[in-house]
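Shown next, in structure tokens, is the structure this report addresses.
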Amino acid sequence: MSITVNLRYKGKNGVAMKFVQEMISSGTVEAIRKEKGNLKYEYFQSIDDAETVLLIDSWQDQESIDIHHASPMMKTIMDLREKYDLHMSVERYKSDDSMPETDHQFIRK
């Protein structure tokens, strides 16, 4: 059962996007994507709020998340959050691979 964490980063004057750009340019995003157990690490900018960026961060299991949180790159991430004065909200989900048949009619493949 995978775990997905949605983190919304919010700042002022475009700092959330500056944070994302530095995460990418520093190689941190690429390194996270290569970590064992990482399934997805993608940023999205809100259409409704240009000051908010959404990170969808999916992991194979809690152990993978714990190893990621214990890694040296977490200090890099936390330092960048401070640098850009970002505030966060978090939602956490466990996968449910058993989509009801009634939902399939709404999915276009």
Side-chain angles (χ1 to χ4, degrees):
M1 180 178 316
S2 64
I3 299 169
T4 298
V5 181
N6 291 348
L7 294 107
R8 283 182 178 78
Y9 290 104
K10 188 166 183 72
K12 294 180 180 176
N13 302 316
V15 295
M17 279 305 295
K18 289 177 185 174
F19 164 78
V20 171
Q21 291 164 351
E22 190 165 344
M23 286 285 292
I24 293 168
S25 68
S26 69
T28 304
V29 168
E30 184 178 338
I32 292 169
R33 289 177 177 160
K34 290 180 179 178
E35 285 184 284
K36 183 179 178 190
N38 182 262
L39 304 174
K40 180 186 288 191
Y41 196 89
E42 294 183 50
Y43 290 100
F44 299 88
Q45 188 168 21
S46 173
I47 292 171
D48 297 324
D49 180 0
E51 298 296 344
T52 298
V53 172
L54 168 67
L55 168 63
I56 299 178
D57 189 17
S58 295
W59 296 86
Q60 184 176 355
D61 52 28
Q62 184 60 48
E63 181 181 6
S64 299
I65 294 172
D66 293 342
I67 291 169
H68 168 67
H69 284 162
S71 74
M73 80 180 72
M74 277 308 298
K75 179 171 178 5
T76 300
I77 295 167
M78 293 172 71
D79 288 348
L80 288 175
R81 289 175 184 165
E82 285 295 317
K83 174 182 177 179
Y84 291 107
D85 191 26
L86 294 175
H87 300 273
M88 302 161 51
S89 63
V90 179
E91 300 166 323
R92 184 180 159 106
Y93 305 94
K94 290 186 179 180
S95 66
D96 179 6
D97 298 327
S98 60
M99 183 185 302
E101 283 298 318
T102 54
D103 287 356
H104 284 277
Q105 66 182 320
F106 301 105
I107 307 301
R108 183 169 187 234
K109 293 185 180 185

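No experiment lies behind these values; they were computed from the predicted model shown.
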Task: Minimal non-hydrogen separation, S58 against N38, with atom names - done: O-ND2, 3.5 Å
TODO: Answer yes if L7 and M74 sit in the same cluster of Ile, Leu, Val, Met, Phe, Trp and Tyr residues linked by side chain heavy atoms under 4.5 Å apart, and no otherwise.
DONE: yes
TODO: Could you pull out the closest heavy-atom pair between S64 and G37, with the gap in Å?
DONE: OG-CA, 3.4 Å
- [ ] To the nearest 0.5 Å, tell me how far F19 CZ sits from I77 CD1.
- [x] 6.5 Å
- [ ] With the side chain counted from C-beta on, respond yes when I3 and Q62 share a heavy-atom pair under 4.5 Å apart, and no when they do not.
- [x] yes
TODO: Could you pull out the closest heavy-atom pair between G11 and V15, with the gap in Å?
DONE: CA-CG2, 3.6 Å
Open item on the list: Working to the nearest 0.5 angstrom, can you tell me the gap between H87 NE2 and K12 NZ?
Closed with: 7.5 Å
Task: CG-CD distance between D103 and E101, expressed to the nearest 0.5 angstrom - done: 9.5 Å
TODO: Check whether more than 12 heavy atoms from other residues, nucleotides or ligands sit under 6.0 Å from atom CD of Q45, and answer yes or no.
DONE: yes
TODO: For the pair D79 and T76, evaluate side-chain hydrogen bond (donor to acceptor under 3.5 Å, both in side chains) and give the outcome as yes or no after the intermediate values.
DONE: CA-CA 5 Å; D79 288 348; T76 300; 6.0 Å; no
Task: L86 CG to E51 CD distance, which is reported to the nearest 0.5 Å - done: 10.0 Å
TODO: Kindly work out whether a path of hydrophobic side-chain contacts (I/L/V/M/F/W/Y, heavy atoms less than 4.5 Å apart) joins I67 to M1.
DONE: no
Task: Non-hydrogen side-chain atoms of K83 and L80 separated by less than 4.5 Å - done: yes
- [ ] Output the distance between atom CD (E42) and atom CD1 (I56), rounded to the nearest 0.5 Å.
- [x] 6.5 Å
- [ ] State whether the number of non-hydrogen atoms from other residues, nucleotides or ligands found under 6.0 Å of M88 atom CE is greater than 12.
- [x] yes
- [ ] Please test D49 against T52 for side-chain hydrogen bond (donor to acceptor under 3.5 Å, both in side chains), starting from the C-alpha separation and ending with a verdict.
- [x] CA-CA 6 Å; D49 180 0; T52 298; 2.8 Å; yes
Task: Beyond-backbone contact of L55 with M23, side-chain heavy atoms, under 4.5 angstrom - done: no
Side-chain donor-acceptor distances from residues 27-34 under 3.5 Å, at least two apart:
from: T28; atom 1: OG1; to: S26; atom 2: OG; distance (Å): 2.8
from: E30; atom 1: OE2; to: K34; atom 2: NZ; distance (Å): 3.0
from: R33; atom 1: NE; to: Y41; atom 2: O; distance (Å): 2.9
from: R33; atom 1: NH2; to: Y41; atom 2: O; distance (Å): 2.8

- [ ] For atom CD of E82, decide whether the heavy atoms of other residues, nucleotides or ligands shown that lie under 6.0 angstrom number more than 12.
- [x] no
- [ ] Output the distance between atom OG (S2) and atom CD1 (I65), rounded to the nearest 0.5 Å.
- [x] 9.5 Å
Open item on the list: Hydrophobic clusters here meaning ILVMFWY residues chained together by side-chain heavy-atom distances under 4.5 Å, can you tell me if V20 and F44 are in one?
Closed with: no
- [ ] Answer yes or no: is there a side-chain heavy-atom contact under 4.5 Å between L54 and Y43?
- [x] no
Open item on the list: Same cluster or not: L39 versus Y93, using hydrophobic residues (I, L, V, M, F, W, Y) connected whenever any side-chain heavy atoms lie under 4.5 Å apart?
Closed with: no
Open item on the list: Hydrophobic clusters here meaning ILVMFWY residues chained together by side-chain heavy-atom distances under 4.5 Å, can you tell me if Y9 and V90 are in one?
Closed with: yes
